[in-house]
Amino acid sequence: MISKSQISFIRSLQNKKFREEHGKFIVEGTKMVFELLQSGYIVQSLFLTENYLNQIKSAVKLPKYTEIHIVSETDLQKISQLQTANEVLAVVNIPQSYQDGSLNSDAIKDKWTIMLDNVQDPGNMGTIIRIADWFAIDTIICSTTTVDMYNPKVVQSTMGSLFRVNVVKIDLEDFLHKVKLPVYGALLEGENVYQQNISKAGILLMGNESKGISPELKKYINNPVMIPRFGQAESLNVGIATAILCSEIRRG
């Protein structure tokens, strides 16, 4: 059985305010939780069916500190954020690095890093995390106004990639002022990305879905790039644009 207090607490984590207050978020689904249990994330508790417990206990080692609650599918439905509950729900600690909003610039000096300025759509955020995972870009730096990484819609749309990509939220202008890396910014007035000699490491800066990159950040872009248009579409989705630019980065 799941107590009323447990139901209330888990449901509260759908709200950003309570995620930040408790430093917890929710992961649902057999595939997602399987990948979670193989990551470095700290899992506070698992609410799962006996069937799923039998499936995973021989495949992964359950942490000793994780509380295990065997529940019915009916009970799972009471706490699920999905339309149809899966066989497992995990309550997970938000990493301290995300809560603190800190990043040592030395950690990215020889790598490619994605930087997001005020990206608002949870689906776009989840897609970009998957793109970073696909292209082996292990860090995403977000503005403090970017959608919450641990929003349930973001978490589900990452399909498990969030457990392999480090996401931090910091003041972008302050960080860019200190960092000594090429900054490639996606701008309509930029140079054709297919004609550029792209460096081996740097920052790819992507802007808001409708407003693009903030004026105060544009001055830090020393490599403005654009994806040439051949048809009549007005614009590209930020997730699609990120994928195309990451492909060019890795091709170079």
Side-chain angles (χ1 to χ4, degrees), residues 16 20 94-95 97-105 107-109 111-135 137-151 153-155 157-158 161-162 165-193 196 198-199 201-227 229 234-250:
K16 181 181 177 182
E20 290 179 343
I94 295 174
S97 60
Y98 186 81
Q99 297 183 69
D100 293 344
S102 60
L103 178 67
N104 186 335
S105 58
I108 64 166
K109 66 180 181 179
K111 301 177 180 181
W112 270 101
T113 300
I114 295 172
M115 180 175 280
L116 304 178
D117 177 24
N118 197 30
V119 170
Q120 290 297 298
D121 183 78
N124 285 338
M125 184 68 189
T127 296
I128 291 169
I129 292 168
R130 290 174 68 187
I131 289 164
D133 188 20
W134 181 269
F135 288 103
I137 295 173
D138 60 18
T139 301
I140 296 177
I141 303 172
C142 300
S143 67
T144 56
T145 54
T146 293
V147 64
D148 180 22
M149 154 82 165
Y150 296 102
N151 176 307
K153 291 180 181 178
V154 174
V155 173
S157 64
T158 68
S161 287
L162 72 90
V165 178
N166 179 37
V167 182
V168 295
K169 272 194 175 185
I170 56 177
D171 183 307
L172 298 190
E173 187 170 9
D174 181 63
F175 186 81
L176 287 170
H177 181 70
K178 299 173 183 175
V179 76
K180 295 179 180 179
L181 277 171
V183 179
Y184 288 74
L187 298 172
L188 290 175
E189 62 271 25
E191 300 294 326
N192 186 334
V193 70
Q196 304 306 300
I198 297 175
S199 60
I203 292 172
L204 174 61
L205 175 57
M206 305 299 295
N208 174 265
E209 288 88 343
S210 60
K211 298 178 181 178
I213 296 170
S214 305
E216 59 268 23
L217 298 183
K218 288 184 179 180
K219 62 186 176 185
Y220 297 101
I221 297 171
N222 42 41
N223 293 276
V225 293
M226 55 86 73
I227 301 165
R229 179 176 65 174
E234 182 181 341
S235 63
L236 281 177
N237 169 278
V238 66
I240 293 171
T242 302
I244 293 170
L245 294 172
C246 285
S247 180
E248 282 302 298
I249 284 168
R250 287 309 191 200

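Keep in mind that what you see is a predicted model, and the values were worked out from it rather than measured. Values below: all heavy atoms of this structure, side chains included; hydrogens, waters and symmetry mates excluded.
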Problem - Side-chain touch S161/W134, heavy atoms, less than 4.5 angstrom - result: no
Practice task
Grab the two heavy atoms, one from G126 and one from S157, that are nearest each other, plus how far apart they are.
Solution key: CA-OG, 3.2 Å
Determine all donor-acceptor pairs shorter than 3.5 Å in which one atom belongs to a side chain in residues 217-224; sequence neighbours excluded.
from	atom 1	to	atom 2	distance (Å)
K219	NZ	E173	OE2	3.4
N222	OD1	V183	N	2.8

Exercise for the section: Kindly say whether T145 contributes a backbone atom to a donor-acceptor pair with the side chain of Q120 at under 3.5 angstrom? Expected result: yes
Handout entry: Heavy-atom side-chain proximity of I129 to M149 below 4.5 angstrom
Key = yes
Practice task
Could you tell me the separation between the CD1 atom of I94 and the CG atom of D100, rounded to the nearest 0.5 Å?
Solution key: 11.5 Å
Fill in the blank from the handout: Nearest heavy-atom contact between I213 and A186 is CD1-O, 3.6 Å
Practice task
Taking the side chain as every heavy atom from C-beta outward, state whether D133 and V165 have any atom pair closer than 4.5 Å.
Solution key: yes
Handout entry: Distance (rounded to the nearest 0.5 Å) between Y184 OH and L245 CG
Key = 11.5 Å
Fill in the blank from the handout: Rounding to 0.5 Å, atoms CD1 (I141) and CG (D171) come to a distance of 11.5 Å
Handout entry: Over all atoms of both residues, closest heavy-atom pair of E209 and N118
Key = OE1-O, 4.0 Å
Fill in the blank from the handout: Closest non-hydrogen contact found for L116 with M125 is CD1-SD, 3.6 Å
Practice task
Using a 4.5 Å cut-off on heavy atoms from C-beta on, say whether the side chain of L176 contacts that of I203.
Solution key: yes
Problem - Flag, side chain of E191 to backbone of Q196, donor-acceptor distance under 3.5 Å - result: no
Exercise for the section: Calculate, to the nearest 0.5 Å, the distance between atoms CD1 and OG belonging to I240 and S235 respectively. Expected result: 9.5 Å
Exercise for the section: Kindly give the heavy-atom pair with the smallest separation between W112 and I137, and that separation in Å. Expected result: O-CG2, 3.3 Å
Exercise for the section: Apply side-chain contact (heavy atoms from CB on, under 4.5 Å) to the pair I140 and V167, showing each step before the final yes or no. Expected result: CA-CA 5 Å; I140 296 177; V167 182; 4.2 Å; yes
Exercise for the section: Work out which heavy atom in T139 is nearest to a heavy atom in T113; give both atom names and the distance. Expected result: O-CG2, 3.4 Å
Handout entry: Test item: F175 and V168 side chains (from C-beta on) under 4.5 Å apart, heavy atoms
Key = no
Practice task
Kindly compute the distance separating CG (L103) from CD1 (I108), expressed to the nearest 0.5 Å.
Solution key: 5.5 Å
Exercise for the section: Check whether any side-chain heavy atom of V154 sits under 4.5 Å from a side-chain heavy atom of D148, and report yes or no. Expected result: no
Problem - Side-chain (T127) to main-chain (G123) donor-acceptor, under 3.5 angstrom - result: yes
Fill in the blank from the handout: Output for pair (L205 CG, M115 CE), nearest 0.5 Å, gives 6.5 Å
Practice task
Using atom types as modelled and distance alone, determine if a side-chain donor or acceptor of D117 lies under 3.5 Å from a backbone N or O of S214.
Solution key: yes
Exercise for the section: Kindly indicate whether the side chain of L204, heavy atoms from C-beta on, has any atom under 4.5 Å from the side chain of C246. Expected result: yes
Fill in the blank from the handout: Residues passing the side-chain hydrogen bond (donor to acceptor under 3.5 Å, both in side chains) test with T146, sequence neighbours excluded, are S143
